[in-house]
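Worksheet: one structure, shown below.
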Amino acid sequence: MSQPSGPETAPVILAANASESAPTTVVAHERIQVVDQCNRPCGSAWRSQMRHLRCWHRATYIVVRNGRGELCVQRRTLTKEAFPGGLDLAAGGVVGAGEAVHRAAMRELAEELGILATRLPLALEFIYAEQGHRIFGSVFCVTHDGPLRLQPEEVVEVTWLVPDEALALPEATPDTRLALELLLRRERGGGAR
């Protein structure tokens, strides 16, 4: 993972299984909330079906920053079915069948990074419909300066970067890049698109 320039470099936190090799793509066996093109629930599907049929679904994006405003950037495992090995600029994931979006965000944050948030404000919502993905995204924000506990099945390592450096990473996953771009635009007074 690229390190920021300057006299101080962010520490890289590695997951317990970071040295394992020969990954096999794993698609979680779980039911996903499927929605129509207006984001209305219309059933559920196994994750593999949702991906294969390119169903509209909901996903959460939790932008994690520390007290200095640096962003937590995660390296995805090579076993992820979407964007394996990419860099996520937000924690998060798909919303389970019957699961509230806010609860899904809290669950994903705890699973991926070990952060138990007591307050997780919704910052914005957006649509990502590219590369075969059809997502209604909900962006949440949290500030965290404590330790992280990485989920080894999903996260190889994390590092902290200033947001503009994170956006410049060529390996950033396109949906998390869009989520962060829209959030920063809103925070800087430019509104969401």
Side-chain angles (χ1 to χ4, degrees), residues 1-4 8-18 26 28 30 32-33 47 57-96 98-126 128 135-167 169 171-173 175-184 186-187:
M1 181 176 295
S2 299
Q3 292 293 313
E8 296 182 34
T9 58
V12 175
I13 300 168
L14 299 174
N17 71 343
V26 175
E30 59 187 329
I32 304 303
Q33 182 66 59
R47 180 186 288 260
H57 60 284
R58 296 172 177 162
T60 61
Y61 298 82
I62 306 98
V63 174
V64 179
R65 289 180 272 205
N66 61 24
R68 295 182 305 277
E70 295 168 323
L71 184 77
C72 182
V73 178
Q74 304 175 51
R75 168 83 59 196
R76 297 168 66 87
T77 63
L78 294 175
T79 59
K80 298 287 285 181
E81 81 275 7
F83 310 118
L87 297 173
D88 280 335
L89 308 184
V94 297
V95 176
E99 187 176 31
V101 173
H102 186 266
R103 293 262 184 223
M106 301 277 279
R107 174 182 53 76
E108 289 286 353
L109 186 60
E111 287 175 2
E112 289 182 13
L113 299 176
I115 300 173
L116 303 176
T118 56
R119 186 171 175 273
L120 202 56
L122 176 65
L124 64 94
E125 295 179 323
F126 71 102
Y128 177 78
I135 301 168
F136 285 95
S138 296
V139 180
F140 299 85
C141 297
V142 67
T143 301
H144 182 77
D145 283 307
L148 299 175
R149 188 186 77 250
L150 307 185
Q151 182 179 27
E153 298 83 13
E154 296 199 21
V155 182
V156 174
E157 64 184 13
V158 300
T159 193
W160 299 87
L161 298 174
V162 297
D164 289 330
E165 287 178 341
L167 284 173
L169 295 169
E171 297 170 273
T173 56
D175 57 330
T176 65
R177 176 181 278 129
L178 177 60
L180 182 60
E181 285 172 346
L182 294 173
L183 177 66
L184 294 176
R186 175 168 285 180
E187 290 177 347

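Computed from a prediction, not measured in an experiment: that's the story for all the values here. Scope of the values below: all heavy atoms of this structure, side chains included, with no hydrogens, waters or symmetry mates.
Scanning for side-chain hydrogen bond (donor to acceptor under 3.5 Å, both in side chains) contacts around Asp164 gives Arg188, with sequence neighbours left out. In terms of the side-chain hydrogen bond (donor to acceptor under 3.5 Å, both in side chains) criterion, residue partners of Thr176 (sequence neighbours excluded) are, by chain and number, Thr173. Qualifying side-chain hydrogen bond (donor to acceptor under 3.5 Å, both in side chains) partners for Glu108, counting only residues two or more places apart in sequence or in other chains: none. Evaluation of the salt bridge (charged side-chain N to carboxylate O under 4.0 Å, His left out) rule for Arg177 yields no partner, not counting sequence neighbours. Legend: residues meeting salt bridge (charged side-chain N to carboxylate O under 4.0 Å, His left out) with Arg103, ordered by chain and number and at least two apart, are absent. Shown here are the salt bridge (charged side-chain N to carboxylate O under 4.0 Å, His left out) partners of Asp88, two or more places apart in sequence or in another chain: Arg76.
At least one donor-acceptor pair closer than 3.5 Å links the side chain of Arg75 to the backbone N or O of Gly85. Not a single donor-acceptor pair under 3.5 Å links the side chain of Gln74 to the backbone N or O of Val158. A donor-acceptor contact shorter than 3.5 Å is absent between the side chain of His57 and the backbone of Val95. Thr77 contributes a side-chain N or O that, together with a main-chain N or O of Glu153, makes up a donor-acceptor pair within less than 3.5 Å.
Salt-bridge check for Glu30 with Arg107: failed, with every basic side-chain N at 4.0 Å or more from each acidic carboxylate O.
Taking CG from Leu148 and CG from Leu113, the interatomic distance works out to 5.5 Å, rounded to the nearest 0.5 Å.
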(request) Take Leu180 and Leu71 through the side chain to side chain contact (heavy atoms under 4.5 Å, CB included) test and state the conclusion after the steps. (result) CA-CA 10 Å; Leu180 182 60; Leu71 184 77; 3.5 Å; yes
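In this structure the side chain of Glu171 never reaches within 4.5 angstrom of the side chain of Phe83, judged on heavy atoms. With contacts defined as side-chain heavy-atom distances shorter than 4.5 Å, the pair Leu124/Phe126 qualifies.
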